[in-house]
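Both backbone and side-chain heavy atoms feed into the values below; hydrogens, waters and symmetry mates do not.
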Amino acid sequence: MSSSRPYLVRAFNDWILDNHCTPHIVVDASIQGVQVPADHVANGQIVLNVSPSAVKALIIGDDALEFSARFGGVPMQVYIPLQAVMAIYARENGEGMVFGSEPGSPDPDGTARSTDSDREGKSEGERPSGRPSLKVVK
C-alpha cells in the first residue's frame, strides 16, 4: 500500500485551517532531499508555519510538501519529502498528529526500513529494535 502520510498531512492541514488555527509542521532536516533554511534548524529539526499567510503556493503532493516563503526577508523555495514531516499541529492549542516511521520508508541514511516480508523465517525475538509490533489477540 502507498503511504498514508500525504493524506493525513493534507487532512490535518485542512482541519486546522477550517478551525481558524495556524498549521505548523515539524521537519527532520537530516532526511535526504530536505531543502529548508539551514540557519533555522535546531537539533536536526525545524518547525515551519505553513498557513496561507506565511507561505505561497503550498503543494502537499504524494511525495513531498513544497512552498515558497521568506526567511529573514530572503525568499526561498522549500522542499520537504513527506517522510521528513514528523508532525503537524495547530499553534494555538497543539492539536494535531505526530507521525511514526512507516514500513518500507527509507531511513535517514537512505536504506529501506524492514517490513514483515523481510522478516519471514526469523523467530519472534529477532525483530528490529525500535519498531512497534502488533499481535493478534483472540
- request: Carefully, step by step, assess Glu95 and Phe12 under the rule side-chain contact (heavy atoms from CB on, under 4.5 Å).
  value: CA-CA 9 Å; Glu95 292 286 328; Phe12 271 93; over 6 Å; no
- prompt: What's the verdict on side-chain contact (heavy atoms from CB on, under 4.5 Å) for Tyr7 and Ser2, showing C-alpha distance, side-chain angles and the deciding distance?
  reply: CA-CA 10 Å; Tyr7 300 94; Ser2 62; 4.3 Å; yes
message: For Met97 and Leu8: C-alpha separation, side-chain torsions, deciding distance, then whether side-chain contact (heavy atoms from CB on, under 4.5 Å) applies.
response: CA-CA 9 Å; Met97 182 173 195; Leu8 294 170; 3.9 Å; yes
task: Would you please test Asn13 and Ile60 for side-chain contact (heavy atoms from CB on, under 4.5 Å) and show each step?
output: CA-CA 10 Å; Asn13 184 63; Ile60 305 173; 4.1 Å; yes
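Pro52 has its side chain within reach of Leu17: a pair of non-hydrogen atoms, C-beta onward, lies under 4.5 Å apart. Under the 4.5 Å side-chain criterion, counting only non-hydrogen atoms from C-beta, Val9 is in contact with Phe99. In this structure, Val36 and Val41 have side chains that are in contact, with non-hydrogen atoms separated by less than 4.5 Å. A 4.5 Å side-chain heavy-atom check between Pro81 and Val34 finds at least one atom pair inside the cut-off. A 4.5 Å side-chain heavy-atom check between Ile80 and Leu48 finds at least one atom pair inside the cut-off. Leu65 places none of its side-chain heavy atoms less than 4.5 Å from the side chain of Ile59. Considering only heavy atoms from C-beta on, Glu66 comes within 4.5 Å of Gln77 through its side chain. Side-chain contact between Asp18 and Ile16 is absent, with no heavy-atom pair separated by less than 4.5 Å.
Distance check, rounded to the nearest 0.5 Å: CZ of Phe67 to NZ of Lys56 gives 13.5 Å. Residue Thr22 holds its OG1 atom at 3.5 Å from CD of Glu92, rounded to the nearest 0.5 Å. Residue Met86 holds its CE atom at 12.5 Å from CD1 of Ile46, rounded to the nearest 0.5 Å. Atom CG in Asn19 sits 6.0 Å away from atom SG in Cys21 (nearest 0.5 Å).
In this structure, Asp62 does not pair ionically with Arg5, as no charged nitrogen and carboxylate oxygen lie closer than 4.0 Å.
Looking at every heavy atom in both residues, Tyr79 comes nearest to Gly33 through CD2-O, 3.4 Å. Among all heavy-atom pairs drawn from Pro75 and Arg70, the shortest one is CD-NH1, 3.6 Å. Taking all atoms of both residues into account, the shortest heavy-atom contact from Ala69 to Val55 is CB-CG1, 4.2 Å.
Side chain of Gln45 to main chain of Val26: no donor-acceptor pair is present (N/O by atom type, distance under 3.5 Å, no hydrogens or angles).
Within a 6.0 Å sphere centred on CG of Asp63, other residues, nucleotides and ligands contribute 12 heavy atoms or fewer.
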